[in-house]
Participant: 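I'd like to ask some things about the structure below.
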Amino acid sequence: LPSLSLSFLIQLQEAFSKGLLKPGLNVPLEEPKKAVNNIEGLKMCLAEFKKNLPWVERLDLTNHPAVDVLAKIEGTLNKKQSSGEIDAEDDFQREMYFYRQAQATVLEALPKLKKLQIPTKRPDDYFAEMAKTDQHMQKVRKKLMQKQMAIEKSEKAKKLREQRKFGKKVQVEVLQKRQKAKKAMMTAVKKYQKGMTDKLDFLEGDQEGKKGSTASKSQMSKKGPNAKRKYKDQKFGFGGKKKGSKWNTKESFNDVSGFRAKTAHGKGGKKFNKGGKKNKRPGKETRRKMKARK
């Protein structure tokens, strides 16, 4: 080292050769710091930054937390909580302690402020300029709306996927059920054809379906037909025989009460409608004779 003299270095070499110097034995010793309790200096420093200002300028309060009213009513207030002792490791107890201490501070500070005639509520016509501009707030609002719309779209897409999955599942179940019923019916038919059984139970399903349909129709017909159905029944008839309804029967053949001889033999004269011809054209022979006379 340049700071050490040559004679000191020679002495170190001789001591190292003799084995007097060993690694780890040479540790620098630090002198302990002396604690100085300068009371007068501390008092002078305190007097420099201490200012005897009124309480309105300081607004400092030191008080104990307010009593937990809900816990007291419910009867869950412990002795430790009532005395102010809390577990510092319990975050909830610590935060509740701060909260109740703030409550006690407010209860003590408000009467003092009212006594000094200092308003504690914001006036109705109070106008405070926003820290952020309207343009910035519009951008923030726009981003929030975009995020909300994206969340709604993703939720709708998720619901649609779930509905499609459910619809496919129901469709597959219905097809499987039909195939199973068809297979069972074909097996029963083959057994019947081979003579393995003489029962026709596989046809009961169709009959039950028909019974259900007839029952539903009968339930619907309890209310009675509508006006349109009634008009058509009155006009075209309802039930009964349609074909050959105008044929003569034994009773109608023997009934001669409506017989008219003149009408039957053509002596009654022809009746024309209002739109019929009044002046009938003469026949061909009559027209030929009329021409001969001329």
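Just the heavy atoms: all of them, side chains too, but no hydrogens, waters or symmetry mates, feed the values below.
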Participant: Taking Glu108 for its side chain and Leu61 for its backbone only, find out whether a donor-acceptor pair lies under 3.5 Å.
Facilitator: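 Absent.
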Participant: Within the side chain of Thr187, is there an N or O that forms a donor-acceptor pair under 3.5 Å with the backbone of Lys183?
Facilitator: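 Yes: the side chain of Thr187 pairs with the backbone of Lys183.
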Participant: Taking side chain as C-beta onward, heavy atoms only, is Met290 less than 4.5 Å from Thr286?
Facilitator: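 When only atoms from C-beta onward are counted, Thr286 and Met290 do touch, with a gap below 4.5 Å.
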Participant: Other hydrophobic cluster members with Ile151, side-chain heavy atoms of Ile/Leu/Val/Met/Phe/Trp/Tyr under 4.5 Å, chained?
Facilitator: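 Members alongside Ile151: none; it stands by itself.
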Participant: Could you walk me through whether Arg141 and Gln138 pass side-chain contact (heavy atoms from CB on, under 4.5 Å), step by step?
Facilitator: CA-CA 5 Å; Arg141 196 178 293 109; Gln138 285 178 1; 3.9 Å; yes
Participant: If you measure from CZ on Arg100 to NE2 on His64, what distance do you get to the nearest 0.5 Å?
Facilitator: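 Rounded to the nearest 0.5 Å, the CZ-NE2 separation comes to 12.5 Å.
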Participant: Assess the residue pair Glu89 and Arg94 against the criterion (side-chain contact (heavy atoms from CB on, under 4.5 Å)); give the C-alpha distance rounded to whole Å, side-chain angles, the decisive distance to 0.1 Å, and a yes or no.
Facilitator: CA-CA 8 Å; Glu89 300 297 331; Arg94 191 172 61 251; over 6 Å; no
Participant: I need the Asn226 CG to Lys232 NZ distance, nearest 0.5 Å.
Facilitator: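 The CG atom of Asn226 sits 9.5 Å away from the NZ atom of Lys232.
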Participant: So, for Pro65 and Ala104, which heavy atoms are closest and what is the spacing to 0.1 Å?
Facilitator: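 Heavy atoms only, the tightest pair is C-CB, 4.1 Å.
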Participant: Does any part of the side chain of Gln146, heavy atoms only, come nearer than 4.5 Å to the side chain of Met149, both counted from C-beta?
Facilitator: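 SC-SC contact between Met149 and Gln146 ruled out.
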Participant: Among side-chain atoms of Tyr99 and Glu95, is any donor-acceptor pair under 3.5 angstrom?
Facilitator: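 Short answer, no.
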Participant: Once you round to the nearest 0.5 Å, how far does CD of Glu285 lie from NZ of Lys289?
Facilitator: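 If we round to the nearest 0.5 Å, Glu285:CD and Lys289:NZ are 5.5 Å apart.
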Participant: In Å and rounded to the nearest 0.5 Å, what is the CG to OG1 distance from Leu59 to Thr105?
Facilitator: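 Between atom CG of Leu59 and atom OG1 of Thr105 there are 11.5 Å.
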Participant: Which distance, rounded to the nearest 0.5 Å, do you find between the CD of Glu152 and the NZ of Lys156?
Facilitator: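 Between atom CD of Glu152 and atom NZ of Lys156 there are 6.5 Å.
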Participant: Nearest 0.5 Å, what's the CG-CZ distance between Asn52 and Arg58?
Facilitator: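 With rounding to 0.5 Å, CG (Asn52) is 8.5 Å from CZ (Arg58).
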